[in-house]
Amino acid sequence: MADDAAACTACGLSEGRTQVVFGDGSPDADVVFVGEAPGAREDEQGVPFVGRSGQLLDRLLAEELGVERADVYIANVVKCRPPDNRDPRPDEIAACRPWLARQLDLVDPTVIITLGNFASRLLLETATGITKLRGADYRYGDPPRHLVPTFHPAAALRGGAGVLADMRSDFGRARDLMAA
Ligand code: URA
């Protein structure tokens, strides 16, 4: 699937990318993280969440879930870097959505953790923002899997201790669901 995606030209983001940033981690993972879009580092290396947000994500994986990146699966709503790190547009999100749907079907996790507004709104099909959505457990797909929305790590890097504490609590919720 990643090989097919590497040649994708379904939207205009394909024109500016260095490479497609498809996903990383274990195809047998119990938990899948869904972020927003690759940034400059990710576009260079072809791996999601390798910049500052990724370092924070790795830390939370270790401290709250007791796992490493290789134990989980990490993907994004769009697989190609938007120019100047702008937000992905609705047409780009729609064009990329089938890839994410296939990733979630194949990995078939117990819990999906959506990081930030874009992933949470897309998978929950809502316009509600992450601040209201987080703090609860939802269902996604058929068969239904748990979906736990939380802030994007970039928000914790900007927003400080309160956001980080909320993320820790959301990761704890996911950990309990995986153990149940
Ligand atoms: N932010 C994201 O949402 N995804 C990445 O891969 C990196 C930063």
Side-chain angles (χ1 to χ4, degrees), residues 1-2 5-6 8 10-14 16-27 29 31-62 64-65 67-104 107 109 111-124 126 129-131 133-134 140 147-160 163-164 166-168 170-171 174:
M1 183 167 46
C8 182
C11 81
L13 294 181
S14 59
R17 73 180 176 225
T18 304
Q19 57 193 316
V20 171
V21 180
F22 191 66
D24 188 31
S26 167
V31 56
V32 171
F33 290 84
V34 183
E36 182 179 320
R41 288 285 199 88
E42 290 79 18
D43 175 69
E44 260 168 43
Q45 295 185 32
V47 180
F49 282 99
V50 289
R52 285 187 68 219
S53 289
Q55 286 162 18
L56 178 56
L57 179 59
D58 287 347
R59 210 175 98 203
L60 290 173
L61 288 180
E64 302 300 330
L65 301 185
V67 299
E68 296 178 0
R69 167 184 277 259
D71 301 317
V72 305
Y73 191 83
I74 305 175
N76 281 308
V77 166
V78 298
K79 315 297 191 218
C80 298
R81 182 190 181 201
D84 303 319
N85 297 334
R86 67 159 167 75
D87 288 347
R89 293 196 312 238
D91 59 309
E92 295 158 350
I93 293 171
C96 215
R97 186 170 183 166
W99 293 119
L100 179 62
R102 284 170 68 187
Q103 286 173 306
L104 293 171
V107 179
V111 181
I112 299 164
I113 300 184
T114 49
L115 301 168
N117 271 320
F118 283 89
S120 305
R121 285 178 169 155
L122 178 70
L123 295 187
L124 293 175
T126 178
I130 188 60
T131 306
L133 289 174
R134 67 151 295 277
Y140 168 83
L147 190 153
V148 174
T150 193
F151 291 113
H152 193 284
L157 292 172
R158 281 193 308 269
V163 175
L164 189 57
D166 285 345
M167 289 186 78
R168 287 190 188 280
D170 296 332
F171 276 54

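When a ligand or atom number is given, it counts from 1 through the structure's own listing order. Side-chain atoms are counted along with the backbone in the values below, which use heavy atoms only and exclude waters and symmetry mates. Nothing fancy with the numbering, it's 1 onward along the sequence.
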Query raised in the report: Got a sec, which residues hit ring pair (Phe, Tyr, Trp, His ring centres under 6.0 Å) with Tyr140, two or more places apart in sequence or on another chain?
Result: none
**Report entry** Sub-4.5 Å side-chain heavy-atom contact between Glu64 and Arg168
**Finding:** yes
Report task. Applying salt bridge (Lys or Arg N to Asp or Glu O under 4.0 Å), name anything that partners Asp71, two or more places apart in sequence or on another chain. Result -> none
Query raised in the report: How are the rings of Phe171 and Phe33 set to each other: parallel, tilted or perpendicular (split at 30° and 60°)?
Result: tilted
Query raised in the report: Residues in ring pair (Phe, Tyr, Trp, His ring centres under 6.0 Å) with Tyr73, at least two apart?
Result: none
Report each N/O pair between ligand 1 and the protein that falls under 3.5 Å, naming both atoms.
residue: ligand 1; atom: 1 (N); partner: His152; partner atom: NE2; Å: 3.3
residue: ligand 1; atom: 3 (O); partner: Glu36; partner atom: N; Å: 2.7
residue: ligand 1; atom: 3 (O); partner: Ala37; partner atom: N; Å: 3.3
residue: ligand 1; atom: 3 (O); partner: Asn76; partner atom: OD1; Å: 3.4
residue: ligand 1; atom: 3 (O); partner: His152; partner atom: NE2; Å: 2.8
residue: ligand 1; atom: 4 (N); partner: Ala37; partner atom: O; Å: 3.1
residue: ligand 1; atom: 4 (N); partner: Asn76; partner atom: OD1; Å: 2.8
residue: ligand 1; atom: 4 (N); partner: Asn76; partner atom: ND2; Å: 3.4
residue: ligand 1; atom: 6 (O); partner: Phe49; partner atom: N; Å: 2.9
residue: ligand 1; atom: 6 (O); partner: Asn76; partner atom: ND2; Å: 2.8

Query raised in the report: Considering only heavy atoms from C-beta outward, does the side chain of Ile74 approach that of Val47 to under 4.5 Å?
Result: no
